[in-house]
There are 2 protein chains.
Amino acid sequence: MAAVVDDRAVCCGHHRVCESCEVRDLAVCRVLSPEELRRFAALARHVTLESGATLFHEGDPATHVYSLTRGYLRLCKLLADGRRQITGFLVPGDFIGLAFADTYVYSAEALGPTRLCAFARTAFQDWLARTPHLEHELLGRARGELAAAQEQMLLLGRKSARERVASFLLAFARRLGREPGETVPLPMTRTDIADYLGLTIETVSRTLSGLRREGLIELVGKNGYRIRHAAALEAVAAL
Amino acid sequence: MAAVVDDRAVCCGHHRVCESCEVRDLAVCRVLSPEELRRFAALARHVTLESGATLFHEGDPATHVYSLTRGYLRLCKLLADGRRQITGFLVPGDFIGLAFADTYVYSAEALGPTRLCAFARTAFQDWLARTPHLEHELLGRARGELAAAQEQMLLLGRKSARERVASFLLAFARRLGREPGETVPLPMTRTDIADYLGLTIETVSRTLSGLRREGLIELVGKNGYRIRHAAALEAVAAL
DNA sequence: ATGCCACATTGACCCATCTCAAACTTTGTC
DNA sequence: GACAAAGTTTGAGATGGGTCAATGTGGCAT
């Protein structure tokens with residue numbers, strides 16, 4: 001369950017090279033020049049997480065920020081009695097560190113085998129101070145995350161279970177860049193979906209079954225789905 | 001109900017001077033040097049809103065960003081059938097424009113007589129590109145808003161009505177810098193509180209009455225309250 | 001192949017909150 | 001200072017989604 005800190009990420013090194021990175025055009029580093037990228041990579045450590053492993057815990061001192069290169073993460077907040085709210089799922093290319101300053105405001109857990117680049121927070125902030133276009137990129141991402149957070153508040157505060165599930169299926173497919181009709185992977189469990197949508201696992205299951213029975217979606221195993229009728233699903237989602 | 005665009009904000013002018021601004025140490029402009037402030041102020045227009053007036057509508061092209069200098073705003077998102085979610089209340093010193101790019105992602109409405117400084121979004125972004133420490137300030141604010149949004153997701157997704165109301169009373173008092181025991185103004189209606197907490201007006205009213213009956217809070221008219229027993233209220237809030 | 005285990009589905013019942021309704025209070029207006 | 005309008009409180013009954021419980025199922029280790 002532990003995080004494995006890998007070797008240093010070296011550009012032009014023998015092991016892993018930023019130029020051939022899987023998320024080269026998605027991650028924050030996309031705004032760096034080749035020369036900047038080389039120096040930036042010297043700060044990075046590769047981290048590997050096995051399925052279910054915790055990257056960091058809510059409340060712990062925030063020592064690092066991360067860039068997700070492969071796999072999926074869930075961000076969780078807990079109440080004292082164990083109730084859990086998942087505030088977001090991260091996909092490759094996402095940056096982890098926009099929302100917290102001194103301490104992590106959520107826990108981050110791997111939904112499957114996962115790889116990240118880790119940066120010491122202090123070193124990263126020094127870099128930020130000297131690299132305005134990187135800061136600009138982060139502000140743009142923060143903008144997007146804030147807008148998404150507002151949308152999620154609308155969902156959690158005012159939508160019915162059916163609307164929540166439909167909204168989630170549409171948003172997650174779009175997030176992964178899947179066209180309507182393509183199969184969308186569902187790397188999280190029903191429990192994760194429930195804790196993200198403010199529902200119970202039973203309600204999520206019943207609602208998915210209902211949407212399937214009506215022919216709006218198709219369930220591909222337990223870990224995938226296909227949107228059969230996007231327009232109808234959007235109508236259900238009350239967008 | 002319309003917004004009144006006032007005269008140009010001139011530093012060293014006859015009308016309103018940034019140096020004597022009520023939110024001099026709270027607003028984003030606090031990071032500007034006196035010389036920068038003078039040039040920055042030349043971009044600003046003062047805007048006055050009467051109670052209930054709409055500053056801008058969700059979905060409209062985002063032409064301006066704002067700094068709130070006096071009064072309170074609510075940020076609203078609407079569903080097609082009229083259901084409303086308030087995603088936040090703004091207090092003096094807050095910046096409006098972190099979450100949106102080309103179009104406003106929520107409507108902004110005045111809770112009472114309100115004053116703002118308005119900046120054309122394009123001009124503001126030009127300034128941002130040339131003023132890294134201003135961008136840094138905005139990123140810091142975005143960080144705080146993101147953390148607050150995550151907290152609100154936990155509230156909306158997992159807390160009971162009682163926990164939501166208690167959390168709100170504590171958070172709003174802290175937001176205004178009020179010590180426990182001081183009277184906190186409540187510039188929004190019960191309907192606003194309900195739409196912020198994902199509840200109905202009746203449930204908010206009943207819950208407030210309950211907390212008052214138990215001696216945890218005191219209601220000061222309809223537009224104010226006092227926290228009588230902060231520790232107990234925190235226990236109720238399930239923080 | 002088999003059995004196990006975690007996860008998912010389905011059903012029956014219950015309750016926190018919503019809905020509907022009526023009375024009350026405050027604020028502003030003439 | 002009386003009325004109207006808007007907002008708030010309180011009560012009684014309805015319900016969407018939660019809780020509890022039982023059954024189904026796919027993946028993996030042996």
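Here the structure is a predicted model, which means the values were calculated and not measured. In the text below, chain A, chain B and the rest are named by the order of the sequence lines, each starting its count at 1.
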Inset, instruction - Starting at atom CG of D195(B), determine the distance to atom P of dG7(D), rounded to an integer number of angstrom. - result: 13 Å

Inset, instruction - Could you check S160(B) against E202(B) and say which one's nearest nucleotide on DNA chain C is further toward the 5' end? - result: S160(B)

Inset, instruction - Assign L199(B) to base, sugar-phosphate, or nothing according to its heavy-atom contacts below 4.0 angstrom with the strands shown. - result: sugar-phosphate

Legend entry - R175(A)/D94(A) ion pair, N-O < 4.0 Å: yes

Legend entry - Separation of atom CZ in R190(B) from atom P in dC18(C), rounded to whole Å: 16 Å

Inset, instruction - Name the closest nucleotide to the T200(A) side chain, picking from dA8(C), dG18(D), dT10(D). - result: dG18(D)

Legend entry - Cationic N near anionic O, under 4.0 Å, E182(A) to R226(A): no

Inset, instruction - Determine the contact category for G210(B): base if any of its heavy atoms lies under 4.0 Å from a base atom, sugar-phosphate if only primed atoms, P, OP1 or OP2 are that close, otherwise nothing. - result: nothing

Inset, instruction - Using whole Å, report how far CG of L211(B) lies from P of dT8(D). - result: 17 Å

Inset, instruction - Would you mind checking if E214(B) and R162(B) are paired as a salt bridge, meaning a charged N to carboxylate O distance below 4.0 Å? - result: yes

Legend entry - Ionic contact status for R83(B) with E163(A), cut-off 4.0 Å: yes

Legend entry - Whole-Å distance separating the NZ atom of K222(A) from the P atom of dT10(C): 11 Å

Inset, instruction - Using atom CG of L111(A) as one end and atom P of dA6(C) as the other, report the distance to the nearest whole Å. - result: 18 Å

Inset, instruction - Mind calculating the distance between CD1 (I201(A)) and P (dC20(D)) to the nearest angstrom? - result: 14 Å

Inset, instruction - Looking only at side-chain atoms of T191(B), point me to the closest of dT8(D), dT10(D), dG26(D). - result: dT8(D)

Inset, instruction - Check the distance between dA16(C)'s C1' and E163(B)'s CD and give it to me in whole angstrom. - result: 12 Å

Legend entry - Among I193(B), L111(B), D192(B), the one residue meeting side-chain contact (heavy atoms from CB on, under 4.5 Å) with L186(B): I193(B)

Inset, instruction - Rounded off to whole Å, could you give me the CZ-to-P distance for the R206(A) and dA12(C) pair? - result: 11 Å

Legend entry - Nearest-nucleotide pick for T203(B), side chain only, options being dT9(D), dT9(C), dC18(C): dC18(C)

Inset, instruction - Give one of base, sugar-phosphate or nothing for S205(B), where a contact means two heavy atoms less than 4.0 Å apart. - result: base

